[in-house]
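Values in this document were obtained by computation on a predicted structure and should not be read as measured data. Here is the naming used below: chain letters follow the sequence lines, and residue numbers restart at 1 for every chain.
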Amino acid sequence: DGGITQSPKYLFRKEGQNVTLSCEQNLNHDAMYWYRQDPGQGLRLIYYSQIVNDFQKGDIAEGYSVSREKKESFPLTVTSAQKNPTAFYLCASRWGGGRNSPLHFGNGTRLTVT
Amino acid sequence: GDSVTQMEGPVTLSEEACLTINCTYTATGYPSLFWYVQYPGEGLQLLLKATKADDKGSNKGFEATYRKETTSFHLEKGSVQVSDSAVYFCALSGRDNNDMRFGAGTRLTVKP
């Protein structure tokens, strides 16, 4: 079955440590996205990538970094510079067909930093 | 910039009651509009979409009509079930095709 796999489902880190969240898709989608979800705030865009080796900042990119070395993979690193990293992180992908294409989401990674 | 405003929750209904979740948008041009649903501990799933004015999206008994004159895309269902309990997100994809903007989400609880 085609889909998006995020791992791990739960992640715990100590403050000051960098952590990388995995996102893999086998939908052959060109575009991939990272969103952050906090209670009552909807989804906020962190980074997105429309093609391999290219990515752009979203609304809340500070303290995060990404790479897009393969079409299937778009890992997100939460750095120690992110002031409030505890959140639910969602990866999504989209066929490059423009505004009519819906996003397909993974099941998320819940990151807790203490 | 583009934005979506949706009815704040939580919403609690009895089984078989009618549901309406309001959604309005601000966008330049002619966006595509979406409703997504999120069950506990999961990612979002597409529920329905509409890509031009007066289009009606429908799925699993849910409907929403793209109203350009009122910039709205309200979600409706005539008879909700306990299994419809979830968080519902309204979203738009606009002139900037790189992004999708989401509302804050509305939590629906349906009681038997």
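Taking Lys52(B), Lys49(B), Glu42(B) one by one and counting their heavy-atom pairs under 4.5 Å with chain A, the maximum is reached by Glu42(B). For the set Gln6(B), Gln38(B), Arg107(B), the entry with the most heavy-atom pairs within less than 4.5 Å of chain A is Gln38(B). Ranked by heavy-atom pairs under 4.5 Å with chain A, the first of Gly9(B), Gly105(B), Gly41(B), Gly43(B) is Gly43(B). Taking chain B as the reference chain and counting heavy-atom pairs below 4.5 Å, the highest number among Gln6(A), Gln37(A), Lys9(A) is found for Gln37(A).
Of the atoms belonging to Leu46(B), it is side-chain heavy atoms, and not backbone ones, that fall under 4.5 Å from chain A. Using a 4.5 Å cut-off between heavy atoms, Leu90(A) contacts chain B through its side chain alone, with no backbone atom that close. Residue contact with chain A, scored on non-hydrogen atoms closer than 4.5 Å, involves the backbone and the side chain of Tyr30(B) alike. Contacts between Asp59(A) and chain B at a heavy-atom distance below 4.5 Å involve the side chain alone, from C-beta outward.
The environment of Gln81(B) atom CD is dense: over 12 non-hydrogen atoms of other residues, nucleotides or ligands sit within 6.0 angstrom.
A donor atom on one side chain and an acceptor atom on the other are not found under 3.5 Å apart for Arg101(B) and Tyr25(B). No side-chain donor-acceptor contact under 3.5 Å links Ser93(B) and Arg99(A). Side-chain contact annotation: Thr77(A) with Thr20(A), donor-acceptor N/O pair under 3.5 Å present.
Between Lys56(B) and Glu63(B) there is a salt bridge, since at least one side-chain N of the basic residue sits less than 4.0 Å from a carboxylate O of the acidic one.
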